[in-house]
2 protein chains.
Amino acid sequence: MEVTVVDAQTAEVRAAAKKIITVPPDSFALCPVRDILDRIGDKWSLLSILHLGSTESLRFNELRKRIDGISQRMLTVTLRGLEADGLVTRTVYAEVPPRVEYALTELGQSLLGAVIQLGNWAAVHAPAIAEARQRMTLAAA
Amino acid sequence: MEVTVVDAQTAEVRAAAKKIITVPPDSFALCPVRDILDRIGDKWSLLSILHLGSTESLRFNELRKRIDGISQRMLTVTLRGLEADGLVTRTVYAEVPPRVEYALTELGQSLLGAVIQLGNWAAVHAPAIAEARQRMTLAAA
DNA sequence: ACCTTTGGGTTACCAAAAGTAACTATTGGC
DNA sequence: GCCAATAGTTACTTTTGGTAACCCAAAGGT
């Protein structure tokens, strides 16, 4: 007979993870995590949220300059997606040349907290990950 | 002259966001967030981490059954990626039929915390997002 | 009068990634 | 001698991500 010893903290984290992955049968066949990750889990959404979260509001090209490497089209697509999910607002001013301001909604602000956690994790553990990758690359060669 | 009033908490969050998006010039042209999100920001990685985090360890097909909708190939690809980044371990037992166990590493466990935050956010705000989407869909029609 | 610039896009096109279906290896049991 | 079970791989298709070029309207230069 095997006895597994799990400390209290680990058990708690496991329970939390289990809870999240549980699919509620009343939702339309997808758990919330799936659903939300599909939107914000792409290459640019979280970065856009971080940049918009770092200030009051940003114009289209301001944002474009700050998010290094993003193309005009991808920024448009990303922002429209975030807007559709109620995470950012898009305010068009009827001027020439046009002016469009983007800002986080309250919902977007609330997401920012969780995203910052993830960002901090990334910053802290980047060296460990770089090392792991190195090991893998060397092992493959 | 315009005066902007920002409460202390908002200012703190903004500073945190700003810090994360800052690109350290000594890294190879990418900030850590970019780098890590490229790996874990795909459709299946975070879900795999959540499932692996909800228990001790899982076999390939156990995991496959739990992650609804994932294909054999995508699970392989995802797990190999996570393994390469040192987030999961892959243990092969020389048996027939073969047995392969996947488990989170310590690094993976540490990420689990941040992921659970995000998952909780998703669970809490899923209704608000669904509502925003509905509004958008109706407005477009 | 004409050309350029400016800001925020869109369209047409192409490459890369995700996804699907069928195939493989191994061997104990029938 | 054939089938089932596990953990994949390979070949192929579809979807998505990404690039480059174009559009609009008015202001400013020459």
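Here is how names work: the chains are called A, B, and so on, in the same order as the sequence lines, proteins then strands, and each is numbered from 1.
Counting all heavy atoms, side chain and backbone alike, Leu107(A) lies closest to Ala128(B) at CD1-CB, 4.0 Å. Leu52(B) approaches Leu79(B) most closely through the heavy-atom pair CD1-CD2, 4.4 Å. Contact between Trp121(B) and Ile129(B) at its shortest, heavy atoms only, is CH2-CD1, 3.7 Å.
Leu112(A) places a side-chain heavy atom less than 4.5 Å from the side chain of Leu50(A). Considering only heavy atoms from C-beta on, Gln72(A) comes within 4.5 Å of Phe60(A) through its side chain. Contact of the Val77(A) side chain with the Trp44(A) side chain is not registered, since no non-hydrogen atoms from C-beta on lie closer than 4.5 Å.
Of the side-chain N and O atoms in Arg64(A), none sit less than 4.0 angstrom from OP1 or OP2 of dG8(C). Under 4.0 angstrom from either OP1 or OP2 of dT6(C) there lies no side-chain N or O belonging to Arg59(A). Between Lys43(A) and dT16(D) there is no side-chain N or O to OP1 or OP2 distance below 4.0 Å.
When each of Pro97(B) and Trp44(A) is assigned the nucleotide of DNA chain D with its nearest heavy atom, Pro97(B) is the one assigned upstream, toward the 5' end.
If you check every strand for non-hydrogen atoms under 4.0 Å, Val100(B) touches sugar and phosphate atoms only. Across all strands, Tyr102(B) comes closer than 4.0 Å only to sugar-phosphate atoms, never to a base (heavy-atom distances).
Using a 4.0 Å cut-off between charged side-chain N and carboxylate O, Glu131(B) and Arg135(B) make a salt bridge.
In this structure, the CZ atom of Arg99(B) is 19 Å from the C1' atom of dA25(C), given to the nearest Å. Residue Asp42(A) contributes atom CG, which lies 13 Å from atom C1' of dG18(D) at whole-angstrom precision. Taking atom OH on Tyr93(B) and atom C1' on dG8(D), their separation rounds to 18 Å, with Å as the unit. Distance Ile70(B) CD1 to dA7(D) P: 14 Å, rounded to the nearest Å. Atom pair Glu83(A):CD and dG8(C):C1' shows a separation of 14 Å (rounding to whole Å applied). In this structure, the CD1 atom of Ile67(A) is 14 Å from the P atom of dG8(C), given to the nearest Å. Atoms CG (Leu63(B)) and C1' (dT6(D)) sit 14 Å apart, rounded to a whole Å. If you take NZ of Lys65(B) and C1' of dG8(D), they are 15 Å apart, rounded to a whole angstrom.
One distance of note links NE2 of His51(A) with CG of Leu104(A); it measures 12.0 Å at 0.5 Å rounding.
Residues Leu87(B) and Val92(B) share a single hydrophobic cluster, defined by chaining ILVMFWY side chains whose heavy atoms lie under 4.5 Å apart.
Two end axes, each from the C1' atoms of five base pairs, can be drawn for the helix from dA1(C)-dT30(D) to dC30(C)-dG1(D); they diverge by 30°, to 10 degrees.
Sorted by residue number, the members of residues 72-80 of chain A with any non-hydrogen atom under 4.0 Å from DNA chain C read Gln72(A), Arg73(A), Thr76(A), Arg80(A).
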